[in-house]
Amino acid sequence: MDANYNPQHIEAKWQKRWAEEKLFEADVQPGKKKYYVLEMLPYPSGDIHMGHVRNYSLGDALARYKWMKGFNVIHPIGWDAFGLPAENAAIKHQRHPSEFTFTYIDRMRGQLQRLGFSYDWRREIASCVPEYYRWNQWMFLKMYERGSAYRKQSRVNWCPVCCTVLANEQVVNGCCWRHEDTPVVERELEQWFLKITAYSDQLLDDMKELVRWPERVLAMQQNWIGKSLGTEVDFALPSLGERIRVFTTRVDTIFGCTAVFVASEHPLVEKLIASAPSPEKLRLEVERIKASAIRTRVEVNFEKQGVDTGFKARNPYNGEEVPVWVANFVLMEYGTGAVMAVPAHDQRDFEFCTVYGLPIRTVIVPANVGTGLKPAPTEAYVEYGKLVNSGPYTGLTSEQAIERMTRDAEAKGFGKGTIQYRLKDWGISRQRYWGTPIPMVYCDACGVVPVPEKELPVVLPSNVKLTGQGQSPLAEAPEFVNTRCPKCGGPARRETDTMDTFVDSSWYFYRYTDPKIDTSPVNQEAVRYWFPVDQYIGGIEHAILHLIYMRFFTKVMRDIGLVSFSEPVARLFTQGMVLKGGSAMSKSKGNVVDPVEMCAKYGADTVRVYMLFAAPPEKDFDWSETGIEGASRFLNRVYRIIERHAATLCNINAWTSTSKEPLELSSEERRLLRKAHQTLRHVTEDMEGRWHYNTDIAMAMELVNELSELEPAIEAGKIRPAVTKSALEYLVLILSLFSPHIADELWEGLGHKEPLLRVPWPEFDRELAAEEELEIPVQVNGKLRGRIRVAVTADEEEIRRRAQAEEKVNQYLNGRQIVKVIVVPQKLVNIVVK
RNA sequence: GCGAAAGUGGCGGAAUUGGCAGACGCGCCAGACUUAGGAUCUGGUCCCGCAAGGGGUGGGGGUUCGAGUCCCCCCUUUCGCACCA
């Protein structure tokens with residue numbers, strides 16, 4: 001061993017050796033228990049950043065632990081390689097996106113290898129190669145066959161910076177998820193959609209399988225799907241012979257309805273205008289409302305506005321005629337685009353009706369209050385309660401009324417119970433180049449025709465001019481666009497939009513199990529062995545993007561017979577962000593800490609230990625330069641301690657409690673072994689699911705502190721070499737999870753040949769970990785007054801006697817009456833006096 | 001507004017089941033070794049107090065022999081959703 005810790009040298013040495021020994025390669029071994037550790041795959045943006053390092057350090061510690069516990073561990077990585085940044089860079093520099101992508105992949109692969117993560121590189125995938133994306137196309141065709149992929153004209157979100165359409169999930173506060181300052185604009189376009197809404201209920205119901213997912217993520221998904229049960233009710237428009245259908249979750253309040261509000265884009269509005277006494281005037285007013293309607297969600301001070309159309313609609317429950325208004329807060333895309341206005345029991349209606357002087361009529365009162373509400377309410381009463389002024393339904397509770405009134409509507413044919421979802425189908429067309437071509441053809445004779453499976457992949461042409469202007473770049477590549485109709489053989493045109501790159505990442509983790517298979521997207525046998533993913537680790541930012549698409553894809557794959565389960569990920573962990581100076585690292589803020597630089601300065605082991613030690617993994621943490629110095633000091637200290645003893649210890653065997661010839665242990669030896677086994681116990685228990693790696697490393701530091709304190713005893717021979725070696729070995733085994741290079745180096749220095757990943761994780765010894773003598777605090781009336789030292793085996797009676805005899809305690813007992821003595825064995829004594 | 005999580009020294013954090021609050025690390029203070037120290041080692045470091053002692057986990061109340069931990073009310077912060085009818 002070198003006298004000094006040289007991380008650069010050690011890390012290069014062990015990375016080379018791990019690769020030569022194929023240490024991280026795992027293959028299907030029927031009968032052997034497996035463990036699938038998955039981390040979210042990176043986009044090849046140029047360099048690994050600290051968020052990746054955190055994510056992958058967490059996964060790596062777990063993977064290494066599971067290897068040592070005897071699992072067959074699959075731990076793959078790949079590249080989410082299609083996407084806009086490469087295309088934009090390509091436009092800027094007049095190059096091809098694949099150049100950037102593959103250059104960056106090579107660079108980032110090198111960086112991941114520099115960090116020493118335990119990936120099985122044979123399984124590496126990149127989504128931008130035809131061998132991968134052909135299976136996107138294949139699945140798209142399967143979905144098309146099943147009616148789960150369809151084309152429709154619709155109003156979509158367009159990001160003017162990205163020059164493409166976005167899915168609903170990719171719009172954040174009315175802005176593009178990539179450009180948080182860029183409001184999306186609406187465009188009317190013909191688009192391809194995937195019918196995720198067909199799985200709304202399954203996505204909700206199957207959440208009960210996801211017991212080991214963070215509550216938060218499930219709540220966000222539930223929210224996003226937004227299922228609500230309600231009633232649709234037809235209001236007749238007698239003067240037009242038409243009807244307006246409204247959706248409500250509170251049909252019990254309908255006797256308080258004093259108007260009907262419709263969205264400005266509601267199809268009936270045109271008819272109302274046409275039949276109005278002065279159509280032009282009404283049209284102008286409706287246009288004004290339309291212009292003020294909710295367009296994006298960025299508007300902070302949105303003001304409710306509306307216009308009375310002059311028409312009346314009849315409430316089918318009581319025959320009352322109420323005015324029809326066009327209101328700017330009614331959304332066409334939710335429910336039926338029309339609502340009944342019940343100002344007494346809906347806050348929005350209340351605000352609107354107060355402004356426009358529409359009547360407010362109370363029909364629900366709190367169940368435990370006999371009389372009505374106070375006069376002149378200042379806000380709507382929105383709770384459930386008891387019905388008043390509601391004709392035959394008066395006196396029912398809201399729950400009873402909703403049920404009975406819905407039933408009556410169905411019986412009389414003016415309405416029905418119904419379910420609404422907030423979730424919309426997933427629009428996947430993108431008007432950009434660097435993505436998977438959508439395998440469809442348009443033929444004048446045959447219409448929309450899918451590309452036959454055997455003609456896949458539809459390869460992305462390489463010689464396309466990228467200008468960043470206009471629409472889909474593929475439309476300007478005639479040799480791509482012009483093709484033959486697969487059905488009639490006549491001339492036809494290809495679809496020129498590409499797929500949302502979230503399609504690529506919706507099933508990539510299946511591909512890892514057999515990345516080269518060319519007869520199917522997935523090797524079903526391999527999937528049967530390796531799935532489900534035992535542990536998925538990634539950022540919370542994908543809670544309702546990737547993590548819902550991924551669940552959806554698995555259900556589709558199940559329905560087309562590729563997999564036999566409904567949920568791909570048994571357990572999900574969402575790590576916190578890495579900040580610098582309180583905010584996320586970004587180039588524009590100039591606060592980026594480069595992992596490569598840190599590795600050059602301190603070594604990968606130090607970077608990883610600091611990353612894991614600084615905060616529990618689920619919390620955000622702020623990078624600090626002085627903090628990493630501490631981690632570096634720690635590893636240096638470990639190195640020095642072991643290096644000092646390596647020469648004397650490398651040829652002897654470590655003491656174990658199961659040795660044939662048991663040693664009589666000295667008190668110093670007991671003390672050292674106790675600490676070692678306590679540390680091992682803590683880490684073992686933590687690795688089984690709590691993953692507060694920060695406390696594991698803290699425990700390892702305590703063990704090192706104990707070793708330092710006992711150094712004189714080791715020198716003096718009061719701790720024999722075999723015992724010292726035993727403690728050092730446990731330390732090294734534990735460190736191998738977090739700082740694997742130095743651990744292997746020290747392990748070798750202690751005389752071992754085999755890399756630590758192949759060493760079985762040791763069982764801790766309960767006896768050795770147990771304290772033999774305890775210091776027990778003694779309280780009088782709950783205040784700490786003294787301490788006693790007793791043997792672990794001391795019984796309650798002895799502890800009680802010793803506690804009362806303790807001098808400092810006794811002072812507080814003099815002249816008082818002892819009411820009660822509480823003895824918690826091994827923990828504490830509390831003497832209650834009067 | 002709705003939903004979720006969190007609030008502990010100068011800082012990051014620990015206390016897994018109600019039982020010694022502040023482990024471990026950073027920073028700081030003092031000392032040792034040193035030509036030197038941004039190396040290393042030793043000691044100290046929640047607050048008030050010379051001390052005995054007292055106070056202390058966002059604030060207030062409660063349950064309990066005992067509360068950072070459980071219950072109620074309030075405040076603050078972060079995140080997600082938000083005229084979704």
Side-chain angles (χ1 to χ4, degrees), chain A residues 172-173 214-224 226-228 230-231 246-251 253 261 263 293-294 297 299 302-304 327-331 333-342 345-349 351-352 379 382 420-423 540-541 543-544 576-577 609-610 613-616 618-631 633-634 636-637 640 682 685-686 689-690 692 694-705 708 711 775-784 786-787 819-833:
Chain A
V172 179
N173 291 326
E215 193 67 37
R216 190 157 60 123
V217 172
L218 297 180
M220 282 162 78
Q221 293 204 358
Q222 198 160 354
N223 216 327
W224 188 257
K227 180 177 185 172
S228 63
T231 312
V246 303
F247 173 74
T248 178
T249 56
R250 291 299 302 274
V251 69
T253 65
F261 298 156
I294 299 172
R297 273 139 199 166
E299 291 151 72
F302 181 82
E303 203 182 312
K304 289 187 178 56
N328 65 348
F329 70 91
V330 179
L331 303 168
E333 53 273 17
Y334 185 79
T336 59
V339 299
M340 63 181 200
V342 184
H345 304 296
D346 181 285
Q347 189 56 28
R348 295 154 303 183
D349 297 344
E351 286 164 21
F352 188 95
E379 57 176 15
V382 298
Q420 285 291 335
Y421 298 90
R422 216 182 72 105
L423 183 69
I540 185 78
E541 66 274 15
I544 48 173
M577 291 194 302
V609 164
Y610 173 56
F613 176 68
E618 69 279 7
K619 283 188 69 170
D620 290 353
F621 100 89
D622 217 307
W623 184 270
S624 105
E625 197 66 25
T626 53
I628 194 171
E629 298 276 355
R633 274 204 284 269
F634 168 63
N636 269 289
R637 221 171 136 212
R640 275 196 307 275
H682 179 95
E685 286 170 357
D686 191 68
R690 210 168 79 111
H692 277 199
N694 54 326
T695 66
D696 299 338
I697 294 169
M699 287 291 287
M701 288 172 169
E702 285 189 50
L703 176 55
V704 171
N705 290 345
S708 295
E711 189 64 39
E775 195 177 62
I776 294 184
V778 182
Q779 300 179 334
V780 177
N781 284 349
K783 284 195 192 293
L784 183 67
R787 298 163 193 282
V819 181
K820 197 195 243 183
V821 179
I822 290 131
V823 179
V824 185
Q826 323 218 344
K827 290 280 189 193
L828 148 154
V829 178
N830 189 10
I831 303 170
V832 185
V833 298

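Hydrogens, waters and symmetry mates play no part in the numbers below; they use all other heavy atoms, side chains included. Convention: sequence-line order gives letters A, B, ...; per-chain numbering from 1. The structure displayed is predicted, hence computed values, not measured ones.
- Judged by closest nucleotide on RNA chain B, A:A615 is the one of A:A615 and A:T626 placed further toward the 5' end.
- Looking at A:R637, its side chain never comes within 3.5 Å of a backbone N or O of A:M701 through a donor-acceptor pair.
- Residues A:H682 and A:T695 come closest through the heavy atom pair NE2-OG1, 2.9 Å.
- Between the P atoms of B:G7 and B:G58, the separation comes to 8 Å (whole Å).
- A donor-acceptor pair under 3.5 Å links the side-chain atoms of A:N781 to the main chain of A:V833, judged by distance alone.
- Residue A:G630 is classed as a sugar-phosphate contact, given heavy-atom separations below 4.0 Å to backbone atoms only.
- Only the P atoms considered, B:G49 is 24 Å distant from B:G68, to the nearest whole Å.
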Tabulate protein N/O versus nucleotide N/O from nucleotides 18-20 of chain B, keeping only pairs under 3.5 Å, one per line.
residue: B:C20; atom: O2; partner: A:R787; partner atom: NH1; Å: 2.3
residue: B:C20; atom: O2; partner: A:R787; partner atom: NH2; Å: 3.1
residue: B:C20; atom: N3; partner: A:R787; partner atom: NH1; Å: 3.4

Legend entry - Summary of protein contacts for nucleotides 36-42 of chain B, nucleotide by nucleotide, where a base hit scores B, a sugar-phosphate-only hit scores S (4.0 Å, heavy atoms): ----SS-
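- Atom name P, nucleotides B:U8 and B:C70: the rounded distance is 16 Å, in whole Å.
- In textbook terms, a nucleotide whose glycosidic angle is within 90° of 0 is syn, and B:G9 is one such case.
- Across all their heavy atoms, A:N328 and A:E303 have their closest contact at ND2-O, 3.0 Å.
- Scanning both residues, A:I776 and A:L828, for their nearest heavy atoms gives CG2-CA, 3.5 Å.
- Here B:A5 presents its P atom at 10 Å from CZ of A:R216, a figure rounded to the nearest Å.
- Residue A:A263 comes nearest to A:L331 through the heavy atom pair CB-C, 4.2 Å, listed as atom of the first residue, atom of the second, then distance.
- Contact annotation for A:K304: base contact, defined as any heavy-atom pair under 4.0 Å involving a base atom.
- Nucleotide B:U16 holds its C1' atom 13 Å from the CE atom of A:M699, rounded to whole Å.
- Rounded to whole Å, the distance from CG on A:N781 to P on B:G54 is 12 Å.
- For the pair A:K619 and B:G13, the criterion of a side-chain N or O lying under 4.0 Å from OP1 or OP2 is met.
- The cationic group of A:K304 lies under 6.0 Å from the six-membered ring centre of A:F329 and within 45° of the ring axis, placing it in a cation-pi geometry.
- On the P atoms, B:A51 is 27 Å away from B:U42, given to the nearest whole Å.
- For the pair A:H682 and A:A219, nearest-nucleotide mapping onto RNA chain B gives the more 5' position to A:A219.
- Across all their heavy atoms, A:V251 and A:T231 have their closest contact at CG1-OG1, 3.7 Å.
- Ring geometry for A:Y610 versus A:F621: interplanar angle over 60°, hence perpendicular rather than tilted (30 to 60°).
- Ring orientation note: the planes of A:Y334 and A:F247 are nearly perpendicular, at an angle over 60° on the 30°/60° scale.
- Taking the side chain of A:R348 as heavy atoms from C-beta on, and the options B:A15, B:A85, B:G13, the nearest nucleotide is B:A85.
- Side chain of A:F247, nearest nucleotide from B:A85, B:G13, B:A14: B:A85.
- Here the nucleotide nearest the side chain of A:A698, chosen from B:A82, B:A4, B:A23, is B:A23.
- Checked against B:G25, B:U16, B:G13, the side chain of A:N705 finds its nearest nucleotide in B:G25.
- Remark: the separation of the P atoms in B:G25 and B:A39 is 16 Å, to the nearest Å.
- Using atom C1' as the reference point in both B:G56 and B:C47, the two lie 7 Å apart (nearest Å).
- Distance CD1 (A:I697) to P (B:G12): 18 Å, rounded to an integer number of Å.
- Residues A:D686 and A:D696 approach most closely at OD2-OD2, 2.7 Å, considering heavy atoms.
- For RNA chain B, runs of at least 3 consecutive pairs of the Watson-Crick or G-U wobble type, with both hydrogen-bonding distances under 3.5 angstrom, map to B:1-7 with B:75-81, B:10-12 with B:24-26, B:27-32 with B:40-45, B:46-48 with B:53-55, B:58-62 with B:70-74.
- Rounded to whole Å, the P atom of B:C29 lies 48 Å from the corresponding atom of B:C65.
- Rounded to whole Å, atom P of B:G25 lies 18 Å from atom CZ of A:F621.
- Candidate nucleotides B:G13, B:A85, B:C81 were compared by shortest atom distance to the side chain of A:I544, and B:C81 ranks first.
- Atom CD of A:Q347 and atom C1' of B:A85 are 13 Å apart (whole Å).
- For CD of A:E625, the number of neighbouring non-hydrogen atoms (other residues, nucleotides, ligands) closer than 6.0 Å is greater than 12.
- The side chain of A:N694 contributes an N or O atom lying less than 4.0 Å from OP1 or OP2 of B:A14.
- As rounded to whole Å, 14 Å separates atom P of B:A4 from atom CE of A:M220.
- Protein atom CE of A:M577 is 14 Å distant from nucleotide atom C1' of B:A5, rounded to whole Å.
- Straight-line distance between the P atoms of B:A23 and B:C72: roughly 32 Å, to the nearest whole Å.
- Between A:F261 and A:V246, every side-chain heavy-atom pair lies at or beyond the 4.5 Å cut-off.
- The closest side-chain heavy-atom distance from A:E618 to A:H692 is below 4.5 Å.
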